[in-house]
Amino acid sequence: MRIGVLTSGGDCPGLNAVIRSVVHRAVVDHNDEVIGFHDGWKGLLECDYRKLDLDAVSGILARGGTILGSSRVQPAHLRGGVEQAKGHVADLGLDAIIPIGGEGTLKAARLLSDAGLPIVGVPKTIDNDISSTDVTFGFDTAVTVATEALDRLKTTAESHQRVLIVEVMGRHTGWIALHSGMAAGAHAIVVPERPFDIAELAAVVGKRFEAGKKFAIVVVSEGAKPREGTMEFSSGATDVYGHERFSGVANQLSVELEERLGKEARPVILGHVQRGGTPTAYDRVLATRFGWHAVEAVHHGRFGMMTALRGTDITLVPLADAVQHLKTVPADRYTEAECVL
Ligand code: F6P
């Protein structure tokens, strides 16, 4: 068989582990040929690729980023390129394409799959917001990085008796904030699923100071917003991919909390450090298992499917189900976290 692989959307620790696993399983066990498209869907649309053999993937398991490069493609551009993509797949004699990506990539995968291309998707995102899979690789690394940062920030916050508002990634969902906040023992966690009331948040943090504590750490997802009518809030514009450009919730919270509490407050934005660098052991294993199962799915003709983790098993789920809605933080997970704040 001849298999094409690509990585698309925001990068994520573990992408190289999937690529390596696909090549090993395909080349060593099935005698397949693998090619890698450069810079995501763009590579398929422009027929820009390279051959991936065992040498090409040697030493990449622990490397962050993606050796193939990644990019975002505007949905309209991709819709207009379906015939072109089909033509390239036919010209290259590809039997299957394995796109590795998040929500946008998987939606594109579904579009191309519905158009008749043989596709098996692999979900990735540090945000952990893809439904139909318990976890996506990259999430554990992001949580580990954020937790380490929070541990470090606690000591400086304490020395200066400050409130530190730490902004983590999470466009629509608060998984990174929830997990890193719980792991580091943050004093408040603010997620997009629960619009915040600034008065309530100030009261929670204020109570801590009244109890004699000298500092506080608030973890906030970048996509968090105030409950309507409770605080003036500037939202960002939208980029060409339809994604909201955030305007700094931590900055805005820090100004408000400093004013309301009379305590020094500082915003800390962790940003892309959560996405860069080497994946954790957990993410390397999950990514490797996804790659292995994606190749098996190709050999069983299970097109239009995506690999998923269910409990400890890797299964296949329809791409159509995976892109229907985002996996948000359920209310009971937030309640559990609240009781240990
Ligand atoms: O989707 C993953 C993610 O890291 C989000 O958490 C974040 O909002 C977004 O990508 C950032 O994208 P970019 O790197 O394009 O700014």
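What you are looking at is a predicted structure, and each value in this text was computed from that prediction instead of being measured.
Closest approach of Ile126 to Pro13, counting heavy atoms only: CG2-CD, 3.9 Å.
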For residues 174-183, run the donor-acceptor check on the side chains, cut-off 3.5 Å, and write out each pair with its distance to 0.1 Å, sequence neighbours left out.
from   : atom 1 : to     : atom 2 : distance (Å)
Trp175 : NE1    : Lys327 : O      : 2.8
His179 : NE2    : Arg333 : NH2    : 3.2
Ser180 : OG     : Ile176 : O      : 2.7

Let's go through Glu158 and Lys154 carefully: what are the C-alpha distance in whole Å and the side-chain angles of both, what is the deciding distance for side chain to side chain contact (heavy atoms under 4.5 Å, CB included) to 0.1 Å, and is it a yes or a no? CA-CA 6 Å; Glu158 186 166 24; Lys154 271 186 161 174; over 6 Å; no
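With Ser70 contributing its side chain and Asp11 its backbone, the two residues share no donor-acceptor pair below 3.5 Å. At distances below 3.5 Å, not a single donor-acceptor pair connects side-chain atoms of Thr125 with backbone N or O atoms of Gly101. A donor-acceptor pair under 3.5 Å links the side-chain atoms of Thr66 to the main chain of Leu68, judged by distance alone. Looking at Glu222, its side chain never comes within 3.5 Å of a backbone N or O of Val168 through a donor-acceptor pair. Thr141 places a side-chain N or O within donor-acceptor distance of the main-chain N or O of Thr280, the cut-off being under 3.5 Å. Judged purely by atom type and a 3.5 angstrom limit, Glu258 uses its side chain to pair as donor or acceptor with the backbone of Ala265. Checked by atom type and distance alone, the side chain of Ser21 pairs as donor or acceptor with a backbone atom of Thr288 at under 3.5 Å.
For the residue pair Thr278 and Arg284, a side-chain donor N or O sits within less than 3.5 Å of a side-chain acceptor on the partner.
Counting only residues at least two apart or on different chains, the side chain to side chain donor-acceptor pair (under 3.5 Å) pairs with a member in residues 297-318 are Asp32-His299.
For the pair Arg208 and Phe215, the distance from NZ or CZ to the six-membered ring centre is under 6.0 Å and the angle to the ring normal is within 45 degrees.
To the nearest 0.5 Å, atoms CD (Glu256) and CG (Leu261) are separated by 10.5 Å. Taken from CD in Glu259 to OG in Ser254, the straight-line distance is 10.5 Å, to the nearest 0.5 Å.
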